[in-house]
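Worksheet for the structure shown next.
Reckoned from all heavy atoms, side chains included, excluding hydrogens, waters and symmetry mates. Numbers restart at 1 for each chain; the letters A, B, ... are given by sequence-line order, proteins then strands.
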Protein chains: 2
Amino acid sequence: MRNALTASLEDYLEAIFQIIEEKQAVRAKDIARRLGVSNPSVTGALRSLAEKELVAYAPYDVISLTPRGKAAARDVVRRHEVLRDFFVNVLAVEESAADEAACRMEHSIPKVILERFIRFAEFVEVCPRGGEKWIRDFGARCGQGATREDCERCIESVLEEVRHRKRRESRKAFPTAKLNELKPGQKGKVLKVNFHEGGGRKISEMGVSPGAVVEIERVSPMGEPIDIKVKGYHLSLRREEAEEVEIETL
Amino acid sequence: MRNALTASLEDYLEAIFQIIEEKQAVRAKDIARRLGVSNPSVTGALRSLAEKELVAYAPYDVISLTPRGKAAARDVVRRHEVLRDFFVNVLAVEESAADEAACRMEHSIPKVILERFIRFAEFVEVCPRGGEKWIRDFGARCGQGATREDCERCIESVLEEVRHRKRRESRKAFPTAKLNELKPGQKGKVLKVNFHEGGGRKISEMGVSPGAVVEIERVSPMGEPIDIKVKGYHLSLRREEAEEVEIETL
DNA sequence: TTATATTTTTAGTCATACCTAACATTTGGG
DNA sequence: CCCAAATGTTAGGTATGACTAAAAATATAA
Ligand SMILES: [Mn+2]
Ligand SMILES: [Mn+2]
Ligand SMILES: [Mn+2]
Ligand SMILES: [Mn+2]
(Lines give C-alpha, C1' and ligand atoms only; values in the text may rest on other atoms or scores of the structure.)
(Ligands and ions follow the chains in the order given, each with its own letter.)
Protein backbone atom coordinates (compact mmCIF):
# COMPACT_ATOMS: atom_id res chain seq x y z
CA MET A 1 0.00 0.00 0.00
CA ARG A 2 1.82 3.10 -1.22
CA ASN A 3 -1.06 5.39 -0.35
CA ALA A 4 -2.59 6.64 2.90
CA LEU A 5 0.22 8.26 4.82
CA THR A 6 -0.44 8.79 8.50
CA ALA A 7 -0.76 12.29 9.90
CA SER A 8 2.56 11.84 11.62
CA LEU A 9 4.45 10.84 8.50
CA GLU A 10 2.86 13.69 6.56
CA ASP A 11 4.20 16.10 9.12
CA TYR A 12 7.69 14.63 8.76
CA LEU A 13 7.50 15.04 5.00
CA GLU A 14 6.28 18.60 5.38
CA ALA A 15 9.10 19.42 7.78
CA ILE A 16 11.75 17.91 5.52
CA PHE A 17 10.39 19.81 2.54
CA GLN A 18 10.44 23.11 4.39
CA ILE A 19 13.91 22.60 5.84
CA ILE A 20 15.23 21.86 2.36
CA GLU A 21 13.73 25.13 1.15
CA GLU A 22 15.35 27.08 3.98
CA LYS A 23 18.77 25.51 4.16
CA GLN A 24 20.76 23.21 1.94
CA ALA A 25 21.13 20.18 4.17
CA VAL A 26 18.50 18.38 6.22
CA ARG A 27 19.64 17.02 9.54
CA ALA A 28 17.66 14.68 11.72
CA LYS A 29 18.21 17.12 14.53
CA ASP A 30 16.44 19.94 12.64
CA ILE A 31 13.45 17.76 11.96
CA ALA A 32 13.28 16.80 15.60
CA ARG A 33 13.40 20.39 16.76
CA ARG A 34 10.80 21.57 14.28
CA LEU A 35 8.33 18.85 15.15
CA GLY A 36 9.10 18.83 18.86
CA VAL A 37 10.00 15.14 19.00
CA SER A 38 13.09 13.25 20.11
CA ASN A 39 15.89 12.22 17.77
CA PRO A 40 15.09 8.51 17.89
CA SER A 41 11.55 9.31 16.75
CA VAL A 42 13.00 10.97 13.68
CA THR A 43 15.15 7.96 12.88
CA GLY A 44 12.11 5.76 13.08
CA ALA A 45 10.03 8.01 10.85
CA LEU A 46 12.83 8.23 8.30
CA ARG A 47 12.99 4.47 8.11
CA SER A 48 9.24 4.32 7.49
CA LEU A 49 9.43 6.96 4.80
CA ALA A 50 12.43 5.29 3.17
CA GLU A 51 10.54 2.00 3.10
CA LYS A 52 7.74 3.78 1.26
CA GLU A 53 10.33 5.29 -1.10
CA LEU A 54 9.43 8.84 -0.18
CA VAL A 55 12.83 9.79 1.20
CA ALA A 56 16.25 8.59 0.12
CA TYR A 57 17.90 7.54 3.32
CA ALA A 58 20.37 5.09 4.81
CA PRO A 59 21.79 5.18 8.36
CA TYR A 60 24.11 8.17 8.87
CA ASP A 61 23.53 9.17 5.26
CA VAL A 62 22.21 12.47 4.00
CA ILE A 63 18.44 12.90 3.85
CA SER A 64 16.62 13.87 0.68
CA LEU A 65 13.17 13.56 -0.82
CA THR A 66 12.51 11.26 -3.74
CA PRO A 67 10.41 12.70 -6.54
CA ARG A 68 7.38 10.95 -5.13
CA GLY A 69 8.22 12.19 -1.66
CA LYS A 70 8.57 15.72 -2.93
CA ALA A 71 5.19 15.55 -4.60
CA ALA A 72 3.58 14.18 -1.44
CA ALA A 73 5.24 16.88 0.66
CA ARG A 74 4.10 19.61 -1.70
CA ASP A 75 0.59 18.28 -1.42
CA VAL A 76 0.68 18.48 2.36
CA VAL A 77 2.04 22.02 2.19
CA ARG A 78 -0.71 23.02 -0.17
CA ARG A 79 -3.42 21.65 2.08
CA HIS A 80 -1.83 23.48 4.98
CA GLU A 81 -1.70 26.76 3.09
CA VAL A 82 -5.17 26.57 1.63
CA LEU A 83 -6.66 25.98 5.05
CA ARG A 84 -4.57 28.67 6.73
CA ASP A 85 -5.40 31.21 4.04
CA PHE A 86 -9.09 30.44 4.26
CA PHE A 87 -9.06 30.80 8.03
CA VAL A 88 -7.14 34.08 7.88
CA ASN A 89 -8.62 35.70 4.79
CA VAL A 90 -12.22 34.53 4.95
CA LEU A 91 -12.90 33.62 8.57
CA ALA A 92 -10.67 36.40 9.96
CA VAL A 93 -8.91 34.04 12.35
CA GLU A 94 -5.73 35.22 14.00
CA GLU A 95 -2.66 34.15 12.02
CA SER A 96 -0.91 31.85 14.47
CA ALA A 97 -4.11 30.11 15.57
CA ALA A 98 -4.99 29.62 11.92
CA ASP A 99 -1.61 28.14 11.16
CA GLU A 100 -1.75 25.73 14.05
CA ALA A 101 -5.25 24.58 13.20
CA ALA A 102 -4.32 24.19 9.54
CA CYS A 103 -1.46 21.87 10.44
CA ARG A 104 -3.78 19.63 12.39
CA MET A 105 -6.67 19.64 9.93
CA GLU A 106 -4.54 19.29 6.80
CA HIS A 107 -4.35 15.54 7.46
CA SER A 108 -8.05 14.84 7.45
CA ILE A 109 -9.46 17.15 4.79
CA PRO A 110 -10.50 15.38 1.60
CA LYS A 111 -9.65 16.71 -1.82
CA VAL A 112 -13.21 17.68 -2.81
CA ILE A 113 -13.58 19.95 0.17
CA LEU A 114 -10.14 21.47 -0.14
CA GLU A 115 -10.94 22.51 -3.70
CA ARG A 116 -14.24 23.97 -2.53
CA PHE A 117 -12.45 26.11 0.03
CA ILE A 118 -10.33 27.52 -2.76
CA ARG A 119 -13.26 28.07 -5.07
CA PHE A 120 -15.30 29.70 -2.38
CA ALA A 121 -12.56 32.16 -1.46
CA GLU A 122 -12.22 33.00 -5.15
CA PHE A 123 -15.94 33.36 -5.57
CA VAL A 124 -16.07 35.82 -2.71
CA GLU A 125 -13.33 37.87 -4.31
CA VAL A 126 -14.73 37.80 -7.81
CA CYS A 127 -18.39 38.37 -7.08
CA PRO A 128 -19.29 42.02 -6.66
CA ARG A 129 -21.76 40.97 -3.98
CA GLY A 130 -18.86 39.65 -1.95
CA GLY A 131 -15.38 40.97 -2.36
CA GLU A 132 -12.74 42.21 -0.05
CA LYS A 133 -14.79 44.83 1.72
CA TRP A 134 -17.48 42.37 2.52
CA ILE A 135 -14.99 40.00 4.08
CA ARG A 136 -13.39 42.82 6.00
CA ASP A 137 -16.82 43.72 7.24
CA PHE A 138 -17.21 40.21 8.56
CA GLY A 139 -13.77 40.32 10.14
CA ALA A 140 -14.48 43.61 11.84
CA ARG A 141 -17.73 42.50 13.43
CA CYS A 142 -17.27 38.78 13.83
CA GLY A 143 -17.01 39.38 17.53
CA GLN A 144 -20.51 40.78 17.79
CA GLY A 145 -22.59 39.60 14.90
CA ALA A 146 -23.31 42.20 12.27
CA THR A 147 -26.50 44.17 12.37
CA ARG A 148 -28.57 44.48 9.25
CA GLU A 149 -28.10 48.22 9.18
CA ASP A 150 -24.33 47.80 9.07
CA CYS A 151 -24.65 45.55 6.10
CA GLU A 152 -27.19 47.62 4.25
CA ARG A 153 -25.09 50.70 4.62
CA CYS A 154 -22.22 49.11 2.79
CA ILE A 155 -24.19 47.43 0.07
CA GLU A 156 -25.00 50.82 -1.41
CA SER A 157 -21.32 51.54 -1.89
CA VAL A 158 -20.89 48.26 -3.70
CA LEU A 159 -23.70 49.19 -6.06
CA GLU A 160 -22.01 52.45 -6.76
CA GLU A 161 -18.84 50.62 -7.67
CA VAL A 162 -20.64 48.20 -9.92
CA ARG A 163 -22.36 51.07 -11.75
CA HIS A 164 -19.06 52.91 -12.13
CA ARG A 165 -17.36 49.88 -13.50
CA LYS A 166 -20.17 49.26 -15.95
CA ARG A 167 -19.94 52.80 -17.24
CA ARG A 168 -16.18 52.51 -17.61
CA GLU A 169 -16.45 49.17 -19.33
CA SER A 170 -19.04 50.34 -21.80
CA ARG A 171 -16.45 52.82 -23.06
CA LYS A 172 -13.33 50.72 -22.77
CA ALA A 173 -14.30 47.14 -23.44
CA PHE A 174 -12.46 45.45 -20.55
CA PRO A 175 -9.78 46.31 -17.98
CA THR A 176 -7.54 43.71 -19.54
CA ALA A 177 -3.86 43.13 -19.00
CA LYS A 178 -1.23 40.50 -19.68
CA LEU A 179 -0.19 38.50 -16.65
CA ASN A 180 3.37 39.82 -16.90
CA GLU A 181 2.14 43.41 -16.56
CA LEU A 182 0.71 42.93 -13.06
CA LYS A 183 2.58 43.95 -9.94
CA PRO A 184 3.22 41.83 -6.84
CA GLY A 185 0.13 41.62 -4.64
CA GLN A 186 -2.25 42.23 -7.52
CA LYS A 187 -4.95 39.71 -8.25
CA GLY A 188 -6.81 38.98 -11.43
CA LYS A 189 -9.02 36.54 -13.20
CA VAL A 190 -7.78 34.66 -16.22
CA LEU A 191 -9.76 35.51 -19.35
CA LYS A 192 -7.84 33.61 -21.98
CA VAL A 193 -4.65 31.65 -22.42
CA ASN A 194 -3.04 31.94 -25.86
CA PHE A 195 -1.16 28.78 -26.66
CA HIS A 196 2.28 29.60 -27.83
CA GLU A 197 3.59 27.79 -30.86
CA GLY A 198 7.04 27.20 -29.28
CA GLY A 199 5.97 24.18 -27.21
CA GLY A 200 6.17 25.58 -23.69
CA ARG A 201 4.78 23.80 -20.67
CA LYS A 202 1.04 23.64 -20.74
CA ILE A 203 0.34 26.17 -18.03
CA SER A 204 -3.36 25.57 -18.39
CA GLU A 205 -2.84 22.14 -16.95
CA MET A 206 -1.23 23.66 -13.91
CA GLY A 207 -4.31 25.68 -13.08
CA VAL A 208 -3.83 28.84 -15.14
CA SER A 209 -7.02 28.49 -17.14
CA PRO A 210 -9.95 30.79 -17.87
CA GLY A 211 -11.93 31.65 -14.74
CA ALA A 212 -9.05 30.96 -12.37
CA VAL A 213 -7.98 33.66 -9.94
CA VAL A 214 -4.26 34.37 -9.92
CA GLU A 215 -2.22 36.40 -7.49
CA ILE A 216 1.22 37.76 -8.23
CA GLU A 217 3.56 36.85 -5.40
CA ARG A 218 6.96 37.97 -6.61
CA VAL A 219 8.53 39.26 -9.77
CA SER A 220 12.29 38.81 -10.05
CA PRO A 221 14.35 41.95 -10.70
CA MET A 222 14.92 40.84 -14.29
CA GLY A 223 11.15 40.61 -14.76
CA GLU A 224 11.47 36.85 -14.85
CA PRO A 225 10.57 34.41 -13.37
CA ILE A 226 7.17 35.49 -12.12
CA ASP A 227 5.95 33.67 -9.00
CA ILE A 228 2.19 33.35 -8.81
CA LYS A 229 -0.38 31.56 -6.75
CA VAL A 230 -3.30 29.87 -8.38
CA LYS A 231 -5.80 27.40 -6.92
CA GLY A 232 -3.64 27.10 -3.84
CA TYR A 233 -0.57 26.12 -5.84
CA HIS A 234 2.59 28.17 -6.14
CA LEU A 235 3.89 28.41 -9.68
CA SER A 236 6.87 30.06 -11.28
CA LEU A 237 6.35 31.26 -14.85
CA ARG A 238 8.72 32.49 -17.53
CA ARG A 239 7.87 35.87 -18.97
CA GLU A 240 7.24 34.23 -22.32
CA GLU A 241 4.51 32.19 -20.67
CA ALA A 242 3.02 35.05 -18.68
CA GLU A 243 2.69 37.14 -21.82
CA GLU A 244 0.23 34.65 -23.25
CA VAL A 245 -2.18 34.97 -20.33
CA GLU A 246 -4.89 37.61 -20.55
CA ILE A 247 -6.07 38.91 -17.21
CA GLU A 248 -9.02 40.88 -15.91
CA THR A 249 -7.71 42.75 -12.90
CA LEU A 250 -9.72 42.63 -9.70
CA MET B 1 -5.56 14.08 32.63
CA ARG B 2 -9.35 14.15 32.10
CA ASN B 3 -9.07 16.19 28.93
CA ALA B 4 -7.84 15.49 25.41
CA LEU B 5 -9.83 12.54 24.18
CA THR B 6 -8.42 10.74 21.19
CA ALA B 7 -10.22 10.83 17.87
CA SER B 8 -11.11 7.20 18.32
CA LEU B 9 -12.67 7.64 21.75
CA GLU B 10 -14.59 10.67 20.53
CA ASP B 11 -16.10 8.55 17.80
CA TYR B 12 -17.15 5.91 20.35
CA LEU B 13 -18.82 8.60 22.46
CA GLU B 14 -20.55 10.02 19.41
CA ALA B 15 -21.82 6.59 18.40
CA ILE B 16 -23.11 5.80 21.90
CA PHE B 17 -24.88 9.15 22.06
CA GLN B 18 -26.58 8.63 18.72
CA ILE B 19 -27.60 5.05 19.46
CA ILE B 20 -29.18 6.21 22.71
CA GLU B 21 -31.17 8.79 20.78
CA GLU B 22 -32.38 6.22 18.29
CA LYS B 23 -33.13 3.27 20.51
CA GLN B 24 -33.46 2.77 24.23
CA ALA B 25 -30.59 0.41 24.95
CA VAL B 26 -27.01 0.57 23.75
CA ARG B 27 -25.38 -2.71 22.92
CA ALA B 28 -21.72 -3.22 22.25
CA LYS B 29 -22.70 -4.91 19.04
CA ASP B 30 -24.46 -1.78 17.73
CA ILE B 31 -21.45 0.35 18.46
CA ALA B 32 -19.24 -2.14 16.67
CA ARG B 33 -21.45 -2.18 13.61
CA ARG B 34 -21.80 1.58 13.45
CA LEU B 35 -18.08 2.20 13.70
CA GLY B 36 -17.06 -0.77 11.62
CA VAL B 37 -14.85 -2.32 14.28
CA SER B 38 -14.83 -5.69 16.01
CA ASN B 39 -16.57 -6.42 19.29
CA PRO B 40 -13.38 -6.71 21.33
CA SER B 41 -12.38 -3.23 20.16
CA VAL B 42 -15.61 -1.92 21.63
CA THR B 43 -14.97 -3.61 24.95
CA GLY B 44 -11.55 -2.00 25.09
CA ALA B 45 -12.89 1.43 24.25
CA LEU B 46 -15.65 1.11 26.84
CA ARG B 47 -13.08 0.30 29.49
CA SER B 48 -11.08 3.40 28.55
CA LEU B 49 -14.15 5.58 28.64
CA ALA B 50 -15.29 4.11 31.95
CA GLU B 51 -11.86 4.81 33.41
CA LYS B 52 -12.29 8.43 32.37
CA GLU B 53 -15.76 8.43 33.90
CA LEU B 54 -17.46 9.24 30.64
CA VAL B 55 -19.53 6.08 30.45
CA ALA B 56 -21.03 4.03 33.23
CA TYR B 57 -19.98 0.53 32.46
CA ALA B 58 -19.03 -2.79 34.03
CA PRO B 59 -18.55 -6.10 32.20
CA TYR B 60 -21.83 -7.46 30.83
CA ASP B 61 -23.61 -4.47 32.31
CA VAL B 62 -25.74 -1.94 30.46
CA ILE B 63 -23.94 0.96 28.83
CA SER B 64 -24.86 4.56 29.57
CA LEU B 65 -23.26 7.96 29.40
CA THR B 66 -22.36 9.84 32.57
CA PRO B 67 -23.29 13.53 32.64
CA ARG B 68 -19.74 14.42 31.68
CA GLY B 69 -19.78 11.81 28.97
CA LYS B 70 -23.03 13.14 27.61
CA ALA B 71 -21.63 16.64 27.50
CA ALA B 72 -18.49 15.46 25.73
CA ALA B 73 -20.57 13.47 23.24
CA ARG B 74 -22.82 16.42 22.54
CA ASP B 75 -19.76 18.50 21.87
CA VAL B 76 -18.48 16.02 19.30
CA VAL B 77 -21.88 15.90 17.64
CA ARG B 78 -21.98 19.66 17.48
CA ARG B 79 -18.57 19.87 15.84
CA HIS B 80 -19.69 17.23 13.37
CA GLU B 81 -22.89 19.07 12.52
CA VAL B 82 -21.37 22.51 12.26
CA LEU B 83 -18.77 21.24 9.83
CA ARG B 84 -21.25 19.21 7.81
CA ASP B 85 -23.69 22.12 7.57
CA PHE B 86 -20.95 24.50 6.50
CA PHE B 87 -19.78 22.11 3.82
CA VAL B 88 -23.31 21.52 2.54
CA ASN B 89 -24.87 24.96 2.93
CA VAL B 90 -21.94 27.23 2.19
CA LEU B 91 -19.49 25.18 0.16
CA ALA B 92 -22.22 23.25 -1.69
CA VAL B 93 -20.56 19.91 -1.05
CA GLU B 94 -22.55 16.77 -1.66
CA GLU B 95 -24.26 15.59 1.52
CA SER B 96 -22.62 12.22 2.09
CA ALA B 97 -19.13 13.47 1.27
CA ALA B 98 -19.69 16.38 3.63
CA ASP B 99 -20.80 14.08 6.40
CA GLU B 100 -17.85 11.79 6.01
CA ALA B 101 -15.37 14.64 5.97
CA ALA B 102 -17.02 16.24 8.97
CA CYS B 103 -16.59 13.07 11.00
CA ARG B 104 -12.90 13.01 10.27
CA MET B 105 -12.24 16.72 10.75
CA GLU B 106 -14.39 17.11 13.86
CA HIS B 107 -11.52 15.72 15.92
CA SER B 108 -8.92 18.28 14.95
CA ILE B 109 -10.85 21.53 14.64
CA PRO B 110 -10.20 23.98 17.47
CA LYS B 111 -12.98 25.86 19.18
CA VAL B 112 -12.09 29.31 17.79
CA ILE B 113 -12.37 28.14 14.25
CA LEU B 114 -15.53 26.16 14.82
CA GLU B 115 -17.23 29.29 16.16
CA ARG B 116 -16.01 31.24 13.16
CA PHE B 117 -17.57 28.74 10.80
CA ILE B 118 -20.87 29.31 12.54
CA ARG B 119 -20.52 33.06 12.55
CA PHE B 120 -19.55 33.16 8.93
CA ALA B 121 -22.52 31.10 7.82
CA GLU B 122 -24.76 33.41 9.84
CA PHE B 123 -23.10 36.47 8.42
CA VAL B 124 -23.73 35.25 4.91
CA GLU B 125 -27.39 34.73 5.71
CA VAL B 126 -27.90 38.01 7.51
CA CYS B 127 -25.98 40.32 5.23
CA PRO B 128 -27.99 41.49 2.25
CA ARG B 129 -24.79 41.34 0.23
CA GLY B 130 -24.68 37.62 0.87
CA GLY B 131 -27.75 35.62 1.64
CA GLU B 132 -29.23 32.47 0.34
CA LYS B 133 -29.33 33.39 -3.31
CA TRP B 134 -25.71 34.32 -3.30
CA ILE B 135 -24.74 30.98 -1.82
CA ARG B 136 -26.97 29.18 -4.28
CA ASP B 137 -25.22 31.10 -7.01
CA PHE B 138 -21.92 29.76 -5.76
CA GLY B 139 -23.31 26.26 -5.53
CA ALA B 140 -24.65 26.39 -9.05
CA ARG B 141 -21.38 27.48 -10.63
CA CYS B 142 -18.77 26.09 -8.34
CA GLY B 143 -17.91 23.68 -11.08
CA GLN B 144 -16.91 26.39 -13.51
CA GLY B 145 -16.02 29.53 -11.65
CA ALA B 146 -18.56 32.31 -11.84
CA THR B 147 -18.25 35.01 -14.45
CA ARG B 148 -18.54 38.60 -13.41
CA GLU B 149 -21.59 39.08 -15.60
CA ASP B 150 -23.40 36.31 -13.75
CA CYS B 151 -22.69 37.97 -10.48
CA GLU B 152 -23.54 41.46 -11.58
CA ARG B 153 -26.83 40.35 -12.99
CA CYS B 154 -27.94 39.06 -9.62
CA ILE B 155 -26.66 41.91 -7.51
CA GLU B 156 -29.29 44.17 -9.05
CA SER B 157 -32.04 41.92 -7.74
CA VAL B 158 -30.57 42.10 -4.27
CA LEU B 159 -30.61 45.87 -4.42
CA GLU B 160 -34.22 45.76 -5.39
CA GLU B 161 -35.01 43.63 -2.39
CA VAL B 162 -33.11 45.90 -0.04
CA ARG B 163 -34.99 48.92 -1.35
CA HIS B 164 -38.30 47.13 -1.03
CA ARG B 165 -37.57 46.13 2.52
CA LYS B 166 -36.50 49.64 3.43
CA ARG B 167 -39.74 51.05 2.10
CA ARG B 168 -41.75 48.46 3.98
CA GLU B 169 -39.81 49.08 7.17
CA SER B 170 -40.21 52.84 7.02
CA ARG B 171 -43.97 52.25 7.29
CA LYS B 172 -44.04 49.34 9.68
CA ALA B 173 -41.15 49.81 12.08
CA PHE B 174 -39.74 46.26 11.98
CA PRO B 175 -40.82 42.81 10.79
CA THR B 176 -40.79 41.62 14.37
CA ALA B 177 -42.19 38.45 15.84
CA LYS B 178 -41.99 36.36 18.98
CA LEU B 179 -39.95 33.22 18.68
CA ASN B 180 -43.00 31.06 19.35
CA GLU B 181 -44.82 32.56 16.35
CA LEU B 182 -42.34 31.23 13.80
CA LYS B 183 -42.94 28.08 11.79
CA PRO B 184 -40.57 25.15 11.33
CA GLY B 185 -37.84 25.95 8.82
CA GLN B 186 -38.06 29.68 9.41
CA LYS B 187 -34.97 31.57 10.46
CA GLY B 188 -34.64 34.83 12.34
CA LYS B 189 -32.25 37.04 14.19
CA VAL B 190 -32.72 37.64 17.90
CA LEU B 191 -33.45 41.30 18.66
CA LYS B 192 -34.12 41.15 22.36
CA VAL B 193 -34.66 38.67 25.17
CA ASN B 194 -37.07 39.78 27.89
CA PHE B 195 -36.09 38.20 31.16
CA HIS B 196 -39.07 36.63 32.75
CA GLU B 197 -39.63 37.18 36.47
CA GLY B 198 -40.51 33.51 37.10
CA GLY B 199 -36.88 32.32 37.25
CA GLY B 200 -36.70 30.17 34.13
CA ARG B 201 -33.49 28.86 32.68
CA LYS B 202 -31.29 31.58 31.37
CA ILE B 203 -31.73 30.95 27.68
CA SER B 204 -29.37 33.77 26.88
CA GLU B 205 -26.56 31.71 28.31
CA MET B 206 -27.43 28.89 25.95
CA GLY B 207 -26.88 31.09 22.92
CA VAL B 208 -30.27 32.76 22.44
CA SER B 209 -29.00 36.31 22.76
CA PRO B 210 -29.30 39.45 20.64
CA GLY B 211 -27.63 39.09 17.26
CA ALA B 212 -27.83 35.30 17.22
CA VAL B 213 -29.47 33.55 14.30
CA VAL B 214 -32.07 30.96 15.26
CA GLU B 215 -33.76 28.36 13.13
CA ILE B 216 -36.98 26.61 14.11
CA GLU B 217 -36.52 22.88 13.72
CA ARG B 218 -39.73 21.40 15.10
CA VAL B 219 -42.77 22.57 17.00
CA SER B 220 -44.65 19.89 18.92
CA PRO B 221 -48.35 19.51 18.13
CA MET B 222 -49.22 21.13 21.45
CA GLY B 223 -47.13 24.16 20.46
CA GLU B 224 -44.58 23.15 23.02
CA PRO B 225 -41.71 22.30 23.27
CA ILE B 226 -40.13 24.23 20.43
CA ASP B 227 -36.90 22.73 19.07
CA ILE B 228 -34.51 25.28 17.69
CA LYS B 229 -30.96 25.44 16.44
CA VAL B 230 -28.71 28.28 17.49
CA LYS B 231 -24.94 28.63 17.15
CA GLY B 232 -24.76 25.01 16.15
CA TYR B 233 -26.51 23.80 19.29
CA HIS B 234 -29.88 22.13 19.38
CA LEU B 235 -32.16 23.50 22.09
CA SER B 236 -35.63 22.70 23.24
CA LEU B 237 -37.61 25.64 24.63
CA ARG B 238 -40.86 25.90 26.54
CA ARG B 239 -43.43 28.22 25.02
CA GLU B 240 -43.14 30.45 28.04
CA GLU B 241 -39.47 30.95 27.19
CA ALA B 242 -39.99 31.38 23.47
CA GLU B 243 -42.56 34.12 24.08
CA GLU B 244 -39.89 36.28 25.65
CA VAL B 245 -37.65 36.24 22.58
CA GLU B 246 -38.18 38.97 19.99
CA ILE B 247 -37.17 37.99 16.49
CA GLU B 248 -36.49 39.74 13.24
CA THR B 249 -37.43 37.26 10.53
CA LEU B 250 -35.01 36.66 7.71
C1' DT C 1 46.22 12.62 15.18
C1' DT C 2 43.97 11.91 19.08
C1' DA C 3 40.47 13.40 22.28
C1' DT C 4 36.20 15.44 22.95
C1' DA C 5 31.75 16.99 21.49
C1' DT C 6 27.87 16.42 18.58
C1' DT C 7 24.85 13.77 16.08
C1' DT C 8 22.60 9.60 15.03
C1' DT C 9 21.18 5.06 15.75
C1' DT C 10 19.97 0.94 18.51
C1' DA C 11 17.68 -1.27 22.26
C1' DG C 12 14.11 -1.57 25.16
C1' DT C 13 9.42 0.54 27.05
C1' DC C 14 4.96 2.24 26.93
C1' DA C 15 0.36 3.59 25.22
C1' DT C 16 -3.20 3.48 21.72
C1' DA C 17 -5.96 1.01 18.73
C1' DC C 18 -6.92 -2.28 15.99
C1' DC C 19 -7.39 -7.59 14.99
C1' DT C 20 -8.60 -13.10 15.55
C1' DA C 21 -9.49 -17.06 18.24
C1' DA C 22 -11.17 -18.86 22.21
C1' DC C 23 -13.84 -18.54 26.29
C1' DA C 24 -17.75 -16.69 29.23
C1' DT C 25 -22.16 -14.90 29.99
C1' DT C 26 -26.78 -13.80 28.97
C1' DT C 27 -31.10 -14.60 26.57
C1' DG C 28 -34.85 -16.80 24.40
C1' DG C 29 -37.16 -21.05 22.53
C1' DG C 30 -38.68 -25.50 23.35
C1' DC D 1 -35.57 -25.48 33.24
C1' DC D 2 -32.16 -26.27 29.96
C1' DC D 3 -29.53 -25.66 25.98
C1' DA D 4 -28.23 -23.32 21.84
C1' DA D 5 -27.65 -18.85 19.72
C1' DA D 6 -26.44 -14.34 20.41
C1' DT D 7 -23.66 -11.29 22.68
C1' DG D 8 -19.65 -9.86 25.26
C1' DT D 9 -14.97 -10.56 27.25
C1' DT D 10 -10.30 -12.28 27.65
C1' DA D 11 -6.02 -13.57 25.75
C1' DG D 12 -2.66 -12.81 22.70
C1' DG D 13 -0.88 -10.57 18.55
C1' DT D 14 0.31 -6.63 15.17
C1' DA D 15 1.27 -1.92 13.89
C1' DT D 16 2.14 2.92 14.85
C1' DG D 17 4.43 6.43 17.20
C1' DA D 18 6.22 8.30 20.95
C1' DC D 19 9.89 8.09 24.88
C1' DT D 20 14.75 7.25 27.68
C1' DA D 21 19.23 5.36 28.11
C1' DA D 22 23.12 3.74 26.05
C1' DA D 23 26.09 2.76 22.13
C1' DA D 24 28.01 3.97 17.69
C1' DA D 25 29.39 7.01 14.18
C1' DT D 26 30.81 11.48 12.67
C1' DA D 27 32.55 16.09 13.23
C1' DT D 28 35.54 19.40 15.52
C1' DA D 29 39.30 21.16 18.23
C1' DA D 30 43.58 20.83 20.33
MN1 LIG E 1 1.26 21.60 8.13
MN1 LIG F 1 0.29 18.77 10.24
MN1 LIG G 1 -15.39 11.23 13.84
MN1 LIG H 1 -18.81 12.53 13.75
Q. From dC19(C), dT8(C), dA18(D), pick the nucleotide closest to the side chain of Lys29(A)?
A. dT8(C)

Q | Partner set under side chain to side chain contact (heavy atoms under 4.5 Å, CB included) for Glu106(A), not counting sequence neighbours | A | Asp11(A), Glu14(A), Val76(A), Arg79(A), His80(A), Leu83(A), Cys103(A)

**Q.** For atom CG of Leu46(B) and atom C1' of dA17(C), their distance in whole Å
**A.** 14 Å

Q | Interatomic distance, Leu35(B) CG vs dA17(C) C1' [rounded to whole Å] | A | 13 Å

Q) Nearest of dT9(D), dC19(D), dA17(C) to any side-chain atom of Asn39(B)? A) dT9(D)

Q.
From NE2 of His107(A) over to C1' of dT16(D), roughly how many Å is that when rounded to an integer?
A. 15 Å

Q) Listed by chain and number, what are the side chain to side chain donor-acceptor pair (under 3.5 Å) partners of Glu22(A), not counting sequence neighbours? A) Arg34(A)

Q.
Just by distance, no angles: are the side chains of Ser8(A) and Glu10(A) close enough, under 3.5 Å, to form a donor-acceptor pair?
A. no

Q: Determine the contact category for Ser41(A): base if any of its heavy atoms lies under 4.0 Å from a base atom, sugar-phosphate if only primed atoms, P, OP1 or OP2 are that close, otherwise nothing.
A: base

**Q.** Between C1' of dC18(C) and CZ of Arg47(B), the distance in whole Å
**A.** 14 Å

Q. Below 4.0 angstrom from OP1 or OP2 of dT16(D), is there any side-chain N or O of Ser48(A)?
A. no

Q: Output yes when at least one side-chain N/O atom of Tyr57(B) is less than 4.0 Å from OP1 or OP2 of dT9(D), else no.
A: yes

Q) With no hydrogens and no angle check, is any side-chain donor or acceptor of Ser220(A) less than 3.5 Å from a backbone partner on Gly223(A)? A) no

Q: Name the nucleic acid region contacted by Pro40(B), choosing base, sugar-phosphate or nothing; use a 4.0 angstrom heavy-atom cut-off, strictly under.
A: base

(Q) Once you apply a heavy-atom cut-off of 4.0 Å, does Thr6(B) come out as touching a base, just sugar-phosphate, or nothing? (A) sugar-phosphate

**Q.** Atom-pair distance (OH on Tyr60(A); C1' on dA24(D)), nearest Å
**A.** 4 Å

Q: Please state how far atom CD1 in Ile31(A) lies from atom P in dG17(D), giving the value in whole angstrom units.
A: 15 Å

**Q.** Whole-Å distance separating the CG atom of Leu9(B) from the P atom of dA17(C)
**A.** 5 Å

Q) Any ion pair linking Glu115(B) and Arg78(B) (charged N to carboxylate O, less than 4.0 Å)? A) yes

Q) Taking CD from Glu51(B) and P from dA17(C), how many angstroms apart are they, rounded to a whole number? A) 12 Å

**Q.** Sugar-phosphate, base or nothing in reach of Thr43(B), heavy atoms under 4.0 Å
**A.** base

